[in-house]
Amino acid sequence: MSREQKFWGWGEPGAGPALPAHAAGVLREWLGVSGAVVSTPVAPAQVRLRDPVVAPDLRAALERAVGAEHVRDDRAIRVLRAAGRSYLDLLALRAGECEDAPDLVVAPSGHDQVEAVLRACADAGAAVIPFGGGTSVVGGVAPTRGSWETAVCLDVGRLDAVLDVDARSRRARVAAGLRLPELDHALGAHGLRLGHVPQSYEWATVGGCAATRSAGQASTGFGRFDELVAAVRCATPAGELATLGAPSSAAGPDLRALVLGSEGALGVITELLLRVRPVAAEQRYEAWLLRSFDAGCEALRALVQAELAPDVARLSDEQETRTTLAFAGDGGLAWRASGAALRALRYRPGCLLVTGWEDDVARRRAPAARALRSAGALPLGRAAGEAWRATRFAGPHLRDALLDRGVLVETLETAATWTGLAELHAAVRGALEQALAATPPVVGCHVSHLYPDGASLYFTVFARQDARDPAGQWTAAKRAAGNAIAARRATITHHHAVGRDHIPWLEGEHGALGIELLRAAKQRCDPVGIMNPGKLLPA
Ligand SMILES: Cc1cc2nc3c(=O)[nH]c(=O)nc-3n(C[C@H](O)[C@H](O)[C@H](O)COP(=O)(O)OP(=O)(O)OC[C@H]3O[C@@H](n4cnc5c(N)ncnc54)[C@H](O)[C@@H]3O)c2cc1C
């Protein structure tokens with residue numbers, strides 16, 4: 001529990017960049033908002049909380065399990081563990097709506113203590129919500145109680161050790177509550193790194209990334225989080241579920257894969273055996289201008305199918321390119337980058353592509369750059385790529401400032417084959433534009449995780465907030481986008497996970513028998529049904 005975010009937004013108080021001065025003009029012109037601050041988060045004292053409901057026996061058992069000082073029900077900690085970081089979460093937190101905050105926050109320090117907490121909660125009948133970095137954007141850490149009266153937030157923050165490093169095999173055994181920057185820092189002492197860098201890097205934990213099957217910005221080269229996990233150790237109410245960690249195995253279905261993506265519904269991941277890699281001698285980021293989004297997708301398809309893809313490949317569509325350049329800061333690299341791109345855009349319209357090589361640059365970059373040039377990509381240079389890298393964690397900080405100004409800002413993501421990508425892109429954008437027609441939105445999109453057979457699409461939506469019902473406004477838009485995705489047999493989530501918000505589309509993806517199988521696994525691991533009720537599985 002060392003670092004804490006402000007309760008209503010992203011990052012520690014005062015951290016992160018401010019909106020550039022010229023943003024007000026862009027917001028006025030594009031969205032019809034004034035650009036002035038129209039709402040601010042409530043003060044901590046104004047947050048509304050219910051009194052905690054905790055049976056004395058449960059509290060006593062939890063205190064025996066982890067020590068009294070690690071069983072908390074003070075306002076501050078309950079508010080900090082009340083929600084994740086979706087737009088809907090932020091609307092509620094900023095308004096001080098924390099009635100459903102967990103009754104208790106319990107912080108065990110190791111696997112055995114986690115098991116003891118689960119036993120106590122199963123005996124007393126209390127919901128357990130595992131909480132890593134709390135960066136879920138799908139309601140994954142919402143303290144839903146199911147049929148129980150009490151919600152216990154199981155904070156994994158004290159499970160934060162690097163337990164073992166086998167540099168020879170490039171393996172690290174780590175406790176699940178370790179945050180990604182702290183892990184990379186510790187591995188750095190061995191000349192190693194994980195290389196998993198989601199935009200939530202500053203706060204996400206390794207256990208949370210495993211539980212949600214996260215994908216980092218370099219997933220094209222390094223693989224998504226699943227591929228970085230050699231073995232898992234999970235405490236469930238029915239006992240320990242641990243996998244072996246052989247480099248590969250044919251010993252029946254892969255139980256590691258059952259735990260990855262289980263979102264706290266089966267148990268608590270306490271340890272992970274991770275595949276790590278040496279710290280790179282050289283990294284290289286640059287940017288390019290492609291003639292159109294379709295031309296860019298074709299260029300990326302050719303690259304990845306020829307096994308020439310860079311580790312990071314991020315192609316913005318026409319609207320996201322315009323948005324990126326419009327919001328680019330007025331100093332340093334960002335300005336130089338936008339300057340280069342603006343000059344190029346004057347010469348021809350297009351879409352920004354950022355490429356990043358995180359390893360083995362000399363051998364891999366030249367053939368990829370040749371292929372991009374012959375696909376018509378215009379090089380914008382290294383400063384533009386470095387500008388993206390330097391500002392890649394800025395977005396969530398700026399989101400808080402946009403909410404202050406009455407802007408709806410949210411993202412959603414999916415994935416499809418190369419054949420289906422263009423239609424999916426148009427359909428999701430169309431669904432969002434139609435659902436938000438009363439407050440005409442700006443909908444941009446990028447491709448950012450490449451596979452030989454397809455890619456992910458990541459949409460960012462800006463619109464003027466409907467001040468009367470901002471949550472209803474986004475809920476309707478999200479439903480329309482989700483239905484458009486499902487109608488095209490694309491996935492409802494490439495990396496944000498299911499949580500609470502994507503449950504309506506899950507059966508369409510897995511089928512009735514698939515859902516029954518998941519339910520059977522849950523029933524076996526969690527017979528009383530205390531683990532993260534209302535997440536992952538339909539009621
Ligand atoms: C600004 C922003 C940017 C983001 N960018 C990305 C991105 O680039 N790529 C990406 O993949 N995701 C991204 N996300 C989503 C989110 O960061 C990921 O889902 C992340 O993996 C969650 O990690 P966490 O530690 O914060 O988990 P939490 O939010 O704490 O939990 C997520 C879910 O996992 C469960 N859980 C957590 N820890 C455990 C555990 N030890 N055992 C069992 N269950 C557990 C929780 O109960 C919950 O259901 C972003 C989110 C935000 C807010």
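Both backbone and side-chain heavy atoms feed into the values below; hydrogens, waters and symmetry mates do not. Note that the coordinates shown come from a computational prediction; the quantities given were computed from them, not determined experimentally. As the structure lists them, so they are numbered: ligands from 1, and atoms in each ligand from 1.
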- Query: Can a non-hydrogen atom of Ala497 be found less than 4.0 Å from any atom of ligand 1?
  - Reply: no
Gly264 heavy atoms within 4.0 Å reach ligand 1 at atoms 43 (C), 44 (N)
Cys209 heavy atoms within 4.0 Å reach ligand 1 at atoms 21 (O), 23 (O)
- Please determine, by modelled atom types, if His495 and Arg224 share a side-chain donor-acceptor pair under 3.5 angstrom. no
Of Ser200, Gly11, Ser219, Gly395, the one whose closest heavy atom lies nearest atom 14 (N) of ligand 1 is Ser200
the protein heavy atom lying closest to atom 28 (P) of ligand 1 turns out to be Gly134 N, 3.5 Å
Here the atoms of ligand 1 under 4.0 Å from any heavy atom belonging to Gly267 are 43 (C)
min-distance protein heavy atom vs atom 7 (C) of ligand 1 -> Pro198 CB, 3.3 Å
> Between Arg233 and Leu273, is there a donor-acceptor pair closer than 3.5 Å when you use the side chain of the first and the backbone of the second?
Replying inline: no
the protein heavy atom lying closest to atom 30 (O) of ligand 1 turns out to be Gly132 N, 2.7 Å
Val137 heavy atoms within 4.0 Å reach ligand 1 at atoms 51 (C), 52 (C), 53 (C)
Tell me whether Asp501 is salt-bridged to Lys478, with the criterion being a basic N under 4.0 Å from an acidic carboxylate O. no
Exercise. Where the side chain of Ser136 meets the backbone of Val138, is there a donor-acceptor pair that is under 3.5 Å apart?
Worked result: yes
Worksheet entry | Ion pair check, Glu202 and Arg179, cut-off under 4.0 Å | no
*asked:* Could you tell me if Glu263 and Thr212 have a donor-acceptor pair between their side chains, going purely by distance under 3.5 Å?
replied: no
For atom 32 (C) of ligand 1, the closest protein heavy atom turns out to be Thr212 CG2, 3.6 Å
Ligand 1 to Trp10, heavy atom cutoff 4.0 Å, flagged ligand atoms 53 (C)
Side-chain ion pair, Glu386 and Arg389, N-O less than 4.0 Å
yes
Discussion item. Do Thr324 and Glu320 pair up side chain to side chain, a donor and an acceptor below 3.5 Å, judged on atom types alone?
Written reply: no
- prompt: Are the side chain of Thr321 and the backbone of Leu352 linked by a donor-acceptor contact shorter than 3.5 Å?
  reply: yes
Below the 3.5 angstrom mark, is there an N/O of Trp203, backbone or side chain, next to an N/O of ligand 1? no
Per-atom filter on ligand 1: closer than 4.0 angstrom to a heavy atom of Ser214 are 10 (C), 11 (O), 21 (O)
* Looking only at N/O atoms, are Val156 and ligand 1 under 3.5 Å apart anywhere? -> no
Practice task
May I ask you to decide if the ring planes of His196 and Phe225 are parallel, tilted or perpendicular, using 30° and 60° as cut-offs?
Solution key: perpendicular
*asked:* For ligand 1 and Gly133, I'd like to know whether there is a polar contact (N/O to N/O, distance under 3.5 Å).
replied: yes
Among non-hydrogen protein atoms, atom 47 (O) of ligand 1 lies closest to Pro130 O, 2.6 Å
If you scan protein heavy atoms around atom 8 (O) of ligand 1, the nearest is Gln199 N, 2.9 Å
Nearest non-hydrogen protein atom to atom 25 (O) of ligand 1, with distance, is Thr205 OG1, 2.6 Å
Looking only at atom types and distance, does a side-chain atom of Thr460 sit under 3.5 Å from a main-chain N or O of Gly444, one as donor and one as acceptor? no
- Looking at Arg94 and Asp400, does any basic side-chain N land under 4.0 Å from a carboxylate oxygen? no
- Does some non-hydrogen atom of Val268 fall short of 4.0 Å from ligand 1? yes
Honestly, for Asn532 the part within reach of ligand 1 (heavy atoms, under 4.0 Å) is side chain
Electrostatic pair Asp226:Arg213 at N-O distance under 4.0 angstrom:
yes
Closest heavy-atom approach to atom 31 (O) of ligand 1 among Val138, Val128, Val141 is made by Val141
* Can you say whether the rings of Phe293 and His425 are parallel (under 30°), tilted (30 to 60°) or perpendicular (over 60°)? -> tilted
In terms of its nearest heavy atom to atom 20 (C) of ligand 1, the top option of Val259, Thr135, Thr411 is Thr135
Does the plane of the ring in Tyr87 sit parallel, tilted or perpendicular to the ring in Trp474? Use 30° and 60° as the thresholds. perpendicular
Out of Ala211, Pro396, Gly499, the nearest non-hydrogen contact to atom 45 (C) of ligand 1 is supplied by Ala211
Atom 9 (N) of ligand 1 has as its nearest protein heavy atom Ala215 O, 2.8 Å
A student checking ligand 1 against Ala204 at a 4.0 Å heavy-atom cut-off should list atoms 23 (O), 25 (O), 26 (O)
Nearest non-hydrogen contact to atom 38 (N) of ligand 1 from the set Gly208, Ser86, Cys153 belongs to Gly208
Check your understanding: What orientation do Trp10 and His397 show, parallel under 30°, tilted 30 to 60°, or perpendicular over 60°?
Key -> perpendicular
Check: Non-hydrogen atoms of Phe225 versus ligand 1: any pair closer than 4.0 Å?
Finding: no
